[in-house]
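The next block holds one structure in the form of structure tokens; read it before the comments.
All ligand and atom numbering here is 1-based and tracks the order in the structure. Computed from a predicted model, the values in this text were never measured in an experiment. Side-chain atoms are counted along with the backbone in the values below, which use heavy atoms only and exclude waters and symmetry mates.
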Amino acid sequence: MQSERDAKDRQLDEHRVPLDDHTMTTDQGIPVDDTDNSLKAGTRGPTLMEDFHFREKITRFDHERIPERVVHARGSGAYGIFELYEPLGEYTCAEFLNDTSARTPTFVRFSTVAGFRGSADTVRDVRGFATKFYTGQGNFDIVGNNIPVFFIQDGIKFPDFVHAVKPEPHWEIPQAQSAHDTFWDFVQLQPESLHMVMWVMSDRAIPRSYRMMQGFGVHTFRLVNAQGQGTFVKWHWRPRLGTYSLVWDEVLRIQGNDPDFNRRDLWEAIERGAYPEYELCVQLVPESREHDFDFDLLDPTKIIPEEQVPLRPIGKMTLTRNPQNFHAETEQVAFHTANVVPGIDFTNDPLLQARNFSYLDTQLLRLGGPNFTQIPINRPIAPVRNDQRDGFHQHLIHESRTSYAPNSISGGCPAARDGYRHYQEKVEGTKIRRRSPSFEDHYSQATLFWNSMADWEKRHIVAAFLFELGHVERPPIKQAVVAHLGRIHPDLGAAVAQGLGLPAPGGGQVHSRTSPALSMTGQPRSVATRKIAILMADGTDAAAVTTLRQALEGQGAVCEIVAPREGTLGGLPVDRQLSAASSVLYDAVVAADGALLSASARAVFFVLEAFRHGKAVGAVGSGRQLVEAARLPNDVGVIVGDDIATAFAEAVAGHRFYDRDVSGVPA
Ligand code: HDE
């Protein structure tokens with residue numbers, strides 16, 4: 001089968017510069033004989049202006065950076081393919097959503113929002129989940145997040161929100177953190193942000209991995225079928241491995257140990273062939289049901305609870321290839337909410353409408369002109385023919401003698417026909433700067449979120465509010481936020497107030513509805529791709545380690561041997577030396593030696609810290625002594641014995657033992 005993916009690959013091939021043994025040249029193709037010494041008048045003399053190689057090299061270096069994204073500056077990308085389960089002709093005429101034999105190439109960029117390009121991956125923040133589908137009818141982008149709602153209802157507030165969350169203007173502090181006055185000042189004055197704030201204070205905002213994170217289109221979009229009939233749609237990505245998060249104390253330590261934690265995790269999984277998979281699901285709402293909800297479908301601060309409109313899986317995306325050049329691919333990729341193909345359309349969500357303006361505008365600045373769609377990562381595989389011309393960095397040599405329509409000289413070509421047809425929505429209204437009253441309720445869904453959390457999730461949310469508000473300097477801002485929290489739920493308000501030493505806020509009546517799908521409990525369980533540290537030292541029983549390792553790796557886990565020194569132990573290569581390792585970089589730990597390691601404070605701390613972060617801790621052979629030295633209590637997640645493989649794998653698959661109360665670590 002000649003797949004569409006091959007088409008994108010072939011297109012990219014034209015632009016690849018392979019590593020080879022060719023002679024170095026200048027940008028003009030002139031061979032270079034020396035790139036280490038500038039041309040000088042005598043060995044100790046001044047550098048000469050005529051050294052064109054030197055000047056070109058330095059000039060190119062001076063111009064290497066392009067403006068980083070105002071938001072979502074830090075990101076990681078990967079190529080994939082999308083395969084459809086069943087034709088959706090009843091709802092949409094988009095060809096890639098009707099052809100189950102198509103393998104539509106995709107490029108995904110995951111990102112954080114607030115931090116600069118060099119900030120750490122594992123900050124508390126919403127994550128971007130942007131996908132470009134290179135379809136036969138042109139590029140379609142879902143520019144989504146890992147949280148299904150947004151902070152604001154109208155795009156005109158976006159600059160205010162972003163200015164509030166970014167580092168404060170006078171001293172550019174703090175980096176990649178919402179824990180500061182301007183963010184919480186915005187929140188207290190803009191209660192429409194509260195629902196999203198609840199999500200951001202939950203563990204959703206500290207994902208374990210981009211491979212274990214949901215994605216959401218956020219807005220209500222519209223599918224349109226061949227008869228021109230519309231259906232409202234919400235986009236959801238569901239990771240095959242389940243949705244899992246880190247714990248806050250761990251996050252603080254990962255930032256120093258490996259600021260590239262999520263980027264590295266994605267890259268290494270793809271290199272290993274453990275291809276991340278996400279199911280694309282839709283919530284479909286017939287137009288006749290538009291007003292059946294107690295919220296407005298156009299309001300991006302609201303979800304459609306899954307219990308009201310179930311998710312329908314329609315296809316699967318598999319990420320199969322890492323980029324070869326970060327700048328060319330991940331940095332230059334340009335997503336846009338308005339990149340839609342026939343059969344997919346917008347709604348009047350005022351946030352979406354603003355985005356439809358913003359993304360093209362930002363690309364013009366960031367990528368230096370209107371021809372950024374010719375950059376290989378952005379080029380559609382569908383043919384591009386129009387009368388748009390010139391501009392900076394035009395790569396195409398248009399041979400036509402005309403660049404206008406209508407024309408007779410070129411036989412009327414390119415001709416506009418049978419193309420994208422906008423949904424025929426009837427629109428009328430009075431010009432007005434006001435929101436619909438149906439956008440007014442800012443609390444009910446925040447309450448729904450709180451009500452739906454498991455106890456451990458609630459504890460983590462309270463701890464997150466305490467961390468964040470604990471960094472706010474102005475007491476009136478804290479008080480105002482706590483008052484809002486009391487309106488979301490009296491328990492939440494009281495718990496946060498107590499930690500801040502404030503009186504419990506008054507709270508009115510709140511509803512007790514829940515939406516079980518909002519909780520992260522009950523995720524698919526698997527040990528596959530989980531990273532396990534095996535602590536060894538000289539004299540460890542290597543055969544026992546090998547047996548355990550084979551059993552775990554047989555189920556797809558990734559084991560690393562951590563030991564006091566590099567080299568080999570009992571014939572097994574050491575992957576990481578203890579001084580360069582930390583438990584926070586692993587999902588679980590096995591103590592395989594106790595005789596030597598229980599005398600090492602680092603090794604004892606390694607095991608203790610893993611335990612405190614709720615991880616499975618195993619011990620084989622003398623490893624039992626290390627567990628004893630760490631004084632771990634009797635716990636279901638501490639598995640000691642000679643044949644622990646099955647029980648340990650089961651414990652790792654459950655991700656964490658949250659009954660240990662990891663919200664307030666260290667205890
Ligand atoms: Fe974005 N957003 N956004 N955004 N957004 C950008 O585009 C903007 C919003 C999202 O990996 C920018 O190329 C406005 C919601 C992602 O390259 C910019 C508004 C959601 C990415 C921009 C929003 C997103 C961006 C910055 C309010 C979730 C990264 C650089 C009206 C559904 C894409 C760029 C990538 C990037 C504007 C709100 C997601 C400035 C004006 C809601 C994942 O154009």
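Applying the salt bridge (charged side-chain N to carboxylate O under 4.0 Å, His left out) criterion to D299, with sequence neighbours excluded, gives K302. By the salt bridge (charged side-chain N to carboxylate O under 4.0 Å, His left out) test, D185 pairs with no residue at all, sequence neighbours left out. For D13, the salt bridge (charged side-chain N to carboxylate O under 4.0 Å, His left out) partners are R16, not counting sequence neighbours.
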Between ligand 1 and the protein, which N/O pairs are shorter than 3.5 Å?
unit_1: ligand 1; atom_1: 2 (N); unit_2: Y359; atom_2: OH; d: 2.9
unit_1: ligand 1; atom_1: 3 (N); unit_2: Y359; atom_2: OH; d: 2.8
unit_1: ligand 1; atom_1: 4 (N); unit_2: R355; atom_2: NE; d: 3.4
unit_1: ligand 1; atom_1: 4 (N); unit_2: R355; atom_2: NH2; d: 3.3
unit_1: ligand 1; atom_1: 4 (N); unit_2: Y359; atom_2: OH; d: 2.8
unit_1: ligand 1; atom_1: 5 (N); unit_2: H72; atom_2: NE2; d: 3.4
unit_1: ligand 1; atom_1: 5 (N); unit_2: Y359; atom_2: OH; d: 2.7
unit_1: ligand 1; atom_1: 11 (O); unit_2: R109; atom_2: NH1; d: 2.6
unit_1: ligand 1; atom_1: 13 (O); unit_2: Q363; atom_2: NE2; d: 3.2
unit_1: ligand 1; atom_1: 17 (O); unit_2: R69; atom_2: NE; d: 2.8
unit_1: ligand 1; atom_1: 17 (O); unit_2: R69; atom_2: NH2; d: 3.1
unit_1: ligand 1; atom_1: 17 (O); unit_2: R109; atom_2: NH1; d: 3.4
unit_1: ligand 1; atom_1: 44 (O); unit_2: S358; atom_2: OG; d: 3.1

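Salt-bridge check for D121 with R127: failed, with every basic side-chain N at 4.0 Å or more from each acidic carboxylate O.
The neighbour count for Y420 OH, taken as heavy atoms of other residues, nucleotides or ligands under 6.0 Å away, is above 12.
Ring to ring, F129 and Y278 are close: their centroids are under 6.0 angstrom apart.
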